[in-house]
Asks: 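Mind having a look at this structure? Questions to follow.
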Amino acid sequence: MSTPRQDPLRDPRFFADPYPTYERLREGCPVQRIPTGSGGRHAYLITGHPEAREAFTDPRLSKDTARFFAGRPSNRDLHPAISRNMLASDPPAHTRHRRVATRLFTTGRVRELRPYITRVVDGLMSAWRPGTEVDLVADLAVPLPVTVVCELLGVPESDRATLAGWSHDLFDATDDDRIDAASHRIGDHLTHLVDTARATPGEGPLHSLLRDCDAGGLDPDETVSLAALLLVAGHETTTHLIGNAVLALLGHPEAFQRLRRDPELIPGALDELLRYDSPVSVATFRHSTEALRVGGVDIPAGFPVLIAPGAANRDPAAYPDPHRLDLDRDAGGHLSFGHGIHRCPGAPLARAEAEIALRALVTRFPDVRPALPVQSPTWRRTRLTRGLTALPLVL
């Protein structure tokens with residue numbers, strides 16, 4: 001196993017199209033040691049599907065970020081609310097957080113939300129007219145999940161656009177200062193909302209969440225942290241799911257035509273769309289608490305380990321002809337929502353939002369086409385998520 005000389009996940013070509021990089025690394029070995037940052041530091045990157053699935057469930061790969069960085073010099077200044085959520089913790093803390101979060105996304109709760117999601121989509125598309133141009137990202141993929149998750153959290157409408165902008169900055173992997181500043185703005189704002197709700201008892205969505213947090217044993221900082229996670233993760237990945245799915249369909253006209261003819265196929269098509277271009281390219285931080293062996297590679301204790309669902313979902317060992325979008329493929333084993341105890345609890349809501357948005361698009365605007373060549377989209381420069389900055393369409 002050879003180690004790349006430079007971090008392959010920070011190459012501009014990776015942001016434009018990560019799949020050639022993933023394929024090259026996986027062909028060398030599905031578990032690769034790669035350089036990260038400066039100072040000679042390294043991490044292990046997992047690109048194979050069976051290896052990623054195994055790693056997602058290995059308790060020796062911890063998500064306790066504070067434990068890893070304790071005593072290590074750092075110039076970072078993230079708000080505590082960003083680092084005390086269930087994505088940065090192990091059981092039993094993780095268990096407490098997840099128990100509260102999953103109550104928001106039960107099958108019954110998502111079913112109850114579907115009429116609201118439909119109304120939001122209807123409102124966003126109300127000004128769209130056949131033959132005109134819209135930006136799918138700015139005009140649908142961003143505001144839809146932002147509106148829904150803010151409704152779940154009881155965030156006032158006047159705050160939603162501002163919080164969405166800060167959330168966008170939080171995922172800007174090219175500027176640490178900007179990330180840190182956004183984390184404080186989000187953390188401070190949500191702390192204010194939570195404190196205000198506690199001081200003014202009521203029956204709104206945020207009050208309901210606070211009662212769940214109190215019953216689940218979350219302290220005040222953990223409560224703000226959970227709200228921050230639900231806000232950020234609850235819309236960023238869904239935005240990219242919608243944008244990536246539409247772009248993939250535009251690039252595969254036969255598949256798009258099938259969904260136009262029969263929109264009832266859309267729920268079943270979502271797994272393949274998620275597999276084909278995952279909104280989560282690299283999963284959030286893990287580190288080895290003891291030596292382990294994955295994919296025939298020894299990983300020493302104390303190293304960061306990066307699991308790449310975007311790579312695993314295109315592993316030919318799991319999916320023959322993986323670079324082809326095939327709506328008849330059984331893609332239910334994709335890893336876009338993770339796997340194991342950290343699997344995304346909001347997956348049912350994300351799927352519902354994407355399904356309703358796609359159904360509205362193909363039924364109302366059957367002649368929709370890209371305003372620019374589908375081969376030349378612009379992508380956000382972050383290795384964690386994969387999403388478009390814009391997707392101009394002619395309706």
Side-chain angles (χ1 to χ4, degrees), residues 66 77-89 92-106 108-117 119-120 123 142-171 180-239 344-346 348-350 352-353:
D77 181 30
L78 287 168
H79 191 284
I82 304 301
S83 59
R84 293 197 63 191
N85 59 57
M86 62 184 175
L87 279 183
S89 62
H94 168 268
T95 307
R96 290 187 292 108
H97 281 255
R98 188 176 180 89
R99 188 178 295 119
V100 175
T102 52
R103 292 173 187 161
L104 293 171
F105 305 113
T106 62
R109 184 70 188 278
V110 172
R111 187 185 304 115
E112 292 173 357
L113 280 170
R114 289 181 68 92
Y116 176 76
I117 298 169
R119 290 196 300 273
V120 174
V142 168
L144 169 60
V146 166
T147 302
V148 173
V149 76
C150 284
E151 183 73 13
L152 272 176
L153 294 176
V155 175
E157 290 189 21
S158 57
D159 296 347
R160 294 176 182 181
T162 300
L163 282 167
W166 293 339
S167 176
H168 182 281
D169 288 348
L170 199 63
F171 280 89
D180 291 349
S183 77
H184 280 271
R185 292 181 179 120
I186 292 172
D188 291 345
H189 195 88
L190 290 178
T191 298
H192 173 72
L193 287 180
V194 167
D195 290 346
T196 300
R198 287 196 183 280
T200 54
E203 295 300 323
L206 185 54
H207 292 91
S208 177
L209 176 63
L210 294 181
R211 287 192 292 271
D212 286 345
C213 289
D214 291 344
L218 272 60
D219 66 31
D221 286 342
E222 289 176 323
T223 297
V224 173
S225 186
L226 178 61
L229 175 64
L230 295 173
L231 172 72
V232 176
H235 82 264
E236 282 284 336
T237 52
T238 307
T239 288
C344 175
L349 179 60
E353 292 176 26

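Nothing here was measured: the structure is a model prediction, and the numbers come from that model. FYI, the numbering just counts along the sequence from 1. Only this structure's heavy atoms are used, side chains among them; waters, hydrogens and symmetry mates stay out.
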Asks: With a 4.5 Å cut-off on side-chain heavy atoms, are Pro345 and Met86 touching?
Replies: yes

Asks: Distance from Thr147 atom OG1 to Tyr116 atom OH, nearest 0.5 Å?
Replies: 6.0 Å

Asks: Is Leu193 close to Asp159 at the side-chain level, that is, under 4.5 Å between some pair of heavy atoms?
Replies: yes

Asks: Grab the two heavy atoms, one from Asp188 and one from His79, that are nearest each other, plus how far apart they are.
Replies: OD1-NE2, 3.3 Å

Asks: Mind checking whether Arg211 and Glu203 have side chains closer than 4.5 Å, heavy atoms only?
Replies: yes

Asks: Judged by atom type as modelled, is there a donor-acceptor pair below 3.5 Å linking the side chain of Arg96 to the main-chain atoms of Gly216?
Replies: no

Asks: For Thr238 and Ala350, work out which heavy atoms get closest and say how close.
Replies: OG1-CB, 3.5 Å

Asks: Please determine, by modelled atom types, if His97 and Asn85 share a side-chain donor-acceptor pair under 3.5 angstrom.
Replies: no

Asks: How long is the span from the CZ atom in Phe105 to the CG atom in Leu152, to the nearest 0.5 Å?
Replies: 6.0 Å

Asks: Would a distance-only check, ignoring hydrogens and angles, find a side-chain to backbone donor-acceptor pair under 3.5 Å from Ser167 to Leu163?
Replies: no

Asks: Give, for atom CZ of Arg114 and atom CZ of Arg111, the distance between the pair rounded to the nearest 0.5 Å.
Replies: 9.5 Å

Asks: Are the side chains of Arg98 and Arg103 in touch, meaning some heavy atoms are under 4.5 Å apart?
Replies: no

Asks: Does the side chain of Leu104 reach to within under 4.5 Å of the side chain of Leu349, using non-hydrogen atoms?
Replies: no

Asks: Side chains of Val100 and Leu209: closer than 4.5 Å at any heavy-atom pair?
Replies: yes

Asks: Looking at Glu222 and Asp219, would you say the former's side chain and the latter's main chain have a donor-acceptor pair under 3.5 Å?
Replies: yes

Asks: Quick one: pull up CG in Leu226 and CG in Leu210 and give me the separation to the nearest 0.5 Å.
Replies: 10.0 Å

Asks: Tell me if a side-chain donor or acceptor on His235 pairs with a main-chain N or O of Val142 at a distance below 3.5 Å.
Replies: no

Asks: CZ/Arg185 to CG/Leu190 distance, rounded to the nearest 0.5 angstrom?
Replies: 14.0 Å

